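The structure appears below as structure tokens.
In the text below, chain A, chain B and the rest are named by the order of the sequence lines, each starting its count at 1. Quick caveat: nothing in here was measured; it's all calculated off a predicted structure.
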Protein chains: 2
Amino acid sequence: MALEHALLVALTERSGSGYELARRFDKSIGFFHGATHQQIYRTLRRMEDAGWVEGRPVPQDGRPDKKLYTPSSAGRDELARWIAEPTEPGQLRNELAVKIRAAAHGDRDALVADVRRHRDAHVERLGIYHAIEARDFPVPTELDGTDLHQYLVLRGGIRVEAGFVEWCDEVLAALTAAPTRTAAPHTEGSSS
Amino acid sequence: MALEHALLVALTERSGSGYELARRFDKSIGFFHGATHQQIYRTLRRMEDAGWVEGRPVPQDGRPDKKLYTPSSAGRDELARWIAEPTEPGQLRNELAVKIRAAAHGDRDALVADVRRHRDAHVERLGIYHAIEARDFPVPTELDGTDLHQYLVLRGGIRVEAGFVEWCDEVLAALTAAPTRTAAPHTEGSSS
DNA sequence: GGTTTCATGTAACTAGTTACATGATTTA
DNA sequence: TAAATCATGTAACTAGTTACATGAAACC
């Protein structure tokens, strides 16, 4: 499981509560490993039981106590162990791809609309990533340490999102240019 | 859930047993939605309970009976309904990205070796996809119907894999060219 | 006075993984 | 004779999702 290790990385960079980690995940590691707050709370408790992190309750005025987690030396060892261990490339999952495969068995116009929605979503994400790149890493050749690693992950996000946009464009071009000859063209409301 | 729909697509194209579907998944839809045989068997039974498919036991000589599944009209309706429904772009998951973020807290050489392994794996997959493209789709402009949809999904696979290879190259160039200044360079066996 | 933020939690669920079992048949 | 293929299954587990609850504070 990588969530534990993703949390260890985040906590090594800065201690935090479950709530704070859920926030931080939304805008960095979360690009490549999302997690809901419930998952994070549960995993942090498991990690505490395993002795990888120490949770210290911090009373607060006006608002509920928070539990501040800090990695233990066992946690830091575990993180180093995991980094040294080879990772499996892992399975891609893409529902849109399954849908495109299914296109012959349903409403093609609806599919085209959905591909457009995906294209828009990827364009938006790409814009966010480019904005982060321009703001935080204007001179990438001088980067170093954690800054460099953050930048490289961001570059991965940019490549993946740009790739999806190009793929959506290719799919749209193919699906809108050549009407499928298996169904009658220009026919609205196909009856089964 | 998309596995049910992925199975419906596969069964609409050709009826098959759970075992056969597990095989087929390895080399087409499975590129974008892998599944183990247990998952497939379980899902097929659930789909049969829901009336989306009909399973007919087929006795065989010498080997165990197989159960041949065929989509029902309710299943075909469900597939059409699902295609018309918008899909969420969904979360990326990439363990290697988490590892790169973690690179400052572990053995950098081991990470570089792991990125190389990933690069090799993606190059290999890309080679497989290119081979399929050249063999099955030599003239993409003349494609049509299910053939076109298969081709478009394959194109997505090619773009994604090529993107990963380029990303790995970028990461390797950055991690091997500039030794991290946070740790002493040329030092073997970093003590904590 | 209604929404958003902070902060954590329980409970019930769906999805996916790993290990193991059966037993005949074909291939090396 | 050992391994792989065909074909399906049970059982136990880990991972992830969805819905709901609590309660004060700050913001509009």
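No side-chain N or O of B:Gln91 forms a donor-acceptor pair with one of A:His33 less than 3.5 Å apart.
Between A:Trp167 and B:Phe32, the ring planes are parallel. Angles under 30° get that label, and only those over 60° would be called perpendicular. The aromatic rings of A:Trp52 and A:His5 sit tilted relative to each other, their planes meeting at an angle between 30° and 60°.
The six-membered or imidazole ring of B:Tyr19 lies away from that of B:Tyr41, with a centre-to-centre distance of 6.0 Å or more.
In this structure, B:Arg93 reaches the D:dG16 phosphate: one of its side-chain N or O atoms is under 4.0 Å from OP1 or OP2. Considering only side-chain N and O atoms, A:Gln39 lies under 4.0 angstrom from the phosphate OP1 or OP2 of D:dT17.
In summary, A:Glu48 and A:Lys67 engage in a salt bridge, as defined by a charged side-chain N under 4.0 Å from a carboxylate O.
For DNA chain D, each stem of at least three Watson-Crick or G-U pairs (distances under 3.5 Å) is given as range with range: C:1-28 with D:1-28.
Open room surrounds CZ on A:Arg56; 12 or fewer heavy atoms of other groups in view lie less than 6.0 Å from it.
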Query - Per-nucleotide protein contact string for nucleotides 3-14 of chain C, where B marks a base within reach and S marks sugar-phosphate only (heavy atoms under 4.0 Å, - for neither) - result: --SBBBBB----
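Following chains of ILVMFWY side-chain contacts shorter than 4.5 Å, one cannot reach A:Leu68 starting from A:Leu44, and the two form parts of different hydrophobic clusters. Under a hydrophobic-cluster definition in which Ile, Leu, Val, Met, Phe, Trp and Tyr are linked whenever side-chain heavy atoms come within less than 4.5 Å, directly or via other members, A:Leu148 and A:Ile132 are assigned to the same cluster.
Atom CG in A:Leu44 sits roughly 14 Å away from atom P in D:dA15 (whole-Å rounding). Distance CD1 (B:Ile40) to P (D:dC6): 15 Å, rounded to an integer number of Å.
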